[in-house]
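Report on one structure; see the data block that follows.
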Amino acid sequence: MTILSTFKDRSSKLTVGGALALVLTATGCQSSAESNTAITNQSNGHSSTPTVSDISQQTLKQQAVRIQRALANQDFSRIINDIHPTHGVRFSMYAYVRPETDKVFSREQFAQYLQQSKVRFTWGEKDGTGDLLVTPLPIYLDTWIDARKFNNASISINEFQHSGNMINNLKKIYPNSEVVEFYHKGSEEYAGMDWRIMRLVFEEYKGKRYLVAIVNEQWTV
């Protein structure tokens with residue numbers, strides 16, 4: 001092979017290699033541009049597909065509203081399957097959750113004391129007077145929780161948008177919970193002083209949300 005032939009052969013390989021590199025570079029730039037465009041579109045919120053968190057919150061809200069409606073209609077037994085299978089459900093009269101004294105019912109106990117409506121429980125002290133609230137479970141659900149007030153309430157998910165002057169320690173007691181807050185703004189007759197809050201507290205168990213607490217709040221001195 002002559003020197004001239006060798007030079008031509010090497011030149012041909014360099015030309016092909018350079019063209020291939022040029023194609024790869026152009027292709028890489030195009031992919032990067034497409035990727036950047038996709039990211040930009042997502043960040044601008046142009047996608048109409050709801051995110052997983054949106055769907056999850058919508059499902060949580062639907063479950064909470066279903067529980068509220070059952071309580072409002074005095075159909076208390078309909079929430080039994082929503083009660084947490086191992087933790088039961090806690091009832092707190094006010095925003096400050098008291099693990100030592102708040103009443104907690106398992107599913108079985110909740111169903112039992114709905115039927116044994118003459119059995120009375122001490123739920124806690126009434127703010128202002130210090131009087132004990134002593135009443136059966138169905139009466140507590142009907143008169144203290146009084147879910148009818150929340151039929152047209154404003155609803156927030158995992159946010160405490162309203163509160164009174166009592167400490168809210170809910171997230172300290174239930175750090176891994178999700179909370180649906182129902183807010184009744186009160187009436188003009190009482191200048192809004194009769195506002196009420198009901199917080200339904202949920203925790204996940206084996207891939208499903210269950211009710212672990214119903215926390216009420218109202219005007220306190």
When clusters are formed by joining ILVMFWY residues with side-chain heavy atoms under 4.5 Å apart, either directly or through shared neighbours, do V104 and Y174 land in the same one? no
Would you say V89 ends up clustered with I197 if hydrophobic residues are merged whenever their side chains have heavy atoms under 4.5 Å apart, either directly or through other cluster members? no
To check you understand the geometry: which heavy-atom pair defines the closest contact between E125 and G130, and what is its length? CG-O, 3.8 Å
Distance, nearest 0.5 Å, that separates CZ of F202 from NE2 of H84: 11.5 Å
Check: M198 and I214 side chains under 4.5 Å, non-hydrogen atoms: yes
Q62 vs R66, test: side-chain contact (heavy atoms from CB on, under 4.5 Å). Steps then yes/no. CA-CA 6 Å; Q62 289 173 348; R66 178 171 52 76; over 6 Å; no
Validation row: E204, K208 side chains within 4.5 angstrom (heavy atoms): no
Between K61 and I155, does a side-chain contact (heavy atoms from CB on, under 4.5 Å) hold up when you go through it step by step? CA-CA 8 Å; K61 181 178 178 179; I155 301 174; 4.1 Å; yes
Aromatic centroids of W219 and Y190 separated by under 6.0 Å: no
Please report the shortest heavy-atom distance between V179 and F160, naming the atom on each side. CG1-CE2, 4.0 Å
Where do R148 and A72 come nearest, in terms of heavy atoms and distance? CG-O, 3.2 Å
Please tell me whether I67 and W144 are part of a single hydrophobic cluster in this structure, the criterion being side-chain heavy atoms less than 4.5 Å apart. yes
Please lay out, stage by stage, how R120 and Y113 fare under the test side chain to side chain donor-acceptor pair (under 3.5 Å). CA-CA 9 Å; R120 303 196 304 166; Y113 292 116; over 6 Å; no
Hey, does the side chain of T122 reach the backbone of G124 with a donor-acceptor pair shorter than 3.5 angstrom? no
Would you give the length of the straight line joining atom CD1 of I80 to atom CG of L211, rounded to the nearest 0.5 angstrom? 12.0 Å
Of all heavy-atom pairs linking S156 and Q161, the shortest is CB-CD, 3.7 Å
Looking only at heavy atoms, the pair that brings R196 and Q218 closest together is NE-OE1, 3.5 Å
Are the side chains of S117 and L137 in touch, meaning some heavy atoms are under 4.5 Å apart? no
How long is the gap from CD1 on I139 to NZ on K118, to the nearest 0.5 Å? 12.5 Å
Got a second to check how far I55's CD1 is from L60's CG, nearest 0.5 Å? 13.5 Å
Can L200 be reached from Y96 by stepping across I, L, V, M, F, W or Y side chains whose heavy atoms are under 4.5 Å apart? yes
Going by an N to O cut-off under 4.0 Å, is there a salt bridge joining R209 and D82? no
4.5 Å side-chain heavy-atom contact, Y210 and R107: yes
Does a side chain donor of either Y183 or R199 reach within less than 3.5 Å of an acceptor in the other side chain? no
Are the side chains of Y140 and F91 in contact, using a 4.5 Å heavy-atom criterion? yes
Sub-4.5 Å side-chain heavy-atom contact between V97 and V215: yes
Residue pair E203 / N176, side-chain donor-acceptor N/O under 3.5 Å: no
Looking at N152, I want to see if its CG is surrounded by more than 12 non-hydrogen atoms of other residues, nucleotides or ligands under 6.0 Å. no
I'd like to know if the side chain of W123 and the backbone of T135 have a donor-acceptor N/O pair within less than 3.5 Å. yes
Does some side-chain heavy atom of I157 sit less than 4.5 Å from a side-chain heavy atom of E178? no
Could you tell me whether the side chain of D142 and the main chain of P138 form a donor-acceptor pair under 3.5 Å? no
Testing the basics here: between S177 and L170, what is the closest heavy-atom pair and its distance to 0.1 Å? OG-CD2, 4.0 Å
When you look at S92 and N216, which way does the side chain to side chain donor-acceptor pair (under 3.5 Å) test go after all the steps? CA-CA 6 Å; S92 296; N216 290 94; over 6 Å; no
Verify the cluster assignment for V212 and L141: are they in a single hydrophobic cluster under the rule of side-chain heavy atoms below 4.5 Å apart? no
Nearest-0.5 Å distance that lies between atom CG in D54 and atom OG1 in T59: 10.5 Å
Going by atom types alone, do Q68 and N151 pair a side-chain donor with an acceptor below 3.5 Å? yes
Does atom CG (L132) have a neighbourhood of more than 12 heavy atoms from anything else shown, all under 6.0 Å? yes
Judged by atom type as modelled, is there a donor-acceptor pair below 3.5 Å linking the side chain of Q115 to the main-chain atoms of Q112? no
Trace of the side-chain contact (heavy atoms from CB on, under 4.5 Å) decision for F110 with I83: CA-CA 9 Å; F110 186 84; I83 294 174; 3.7 Å; yes
Stepwise side-chain contact (heavy atoms from CB on, under 4.5 Å) check, M193 with W195: CA-CA 5 Å; M193 298 292 286; W195 59 268; 5.5 Å; no
Ignoring hydrogens and angles, tell me if any N or O in the side chain of Y205 forms a donor-acceptor pair with the backbone of T86 under 3.5 Å. no
Just verifying a value: how many Å separate L71 CG and R69 CZ, rounded to the nearest 0.5 Å? 11.0 Å
Given side chains that start at C-beta, do those of E181 and F150 come closer than 4.5 Å, heavy atoms only? no
Please work out whether the ring planes of F105 and F121 are parallel, tilted or perpendicular, with thresholds of 30° and 60°. perpendicular
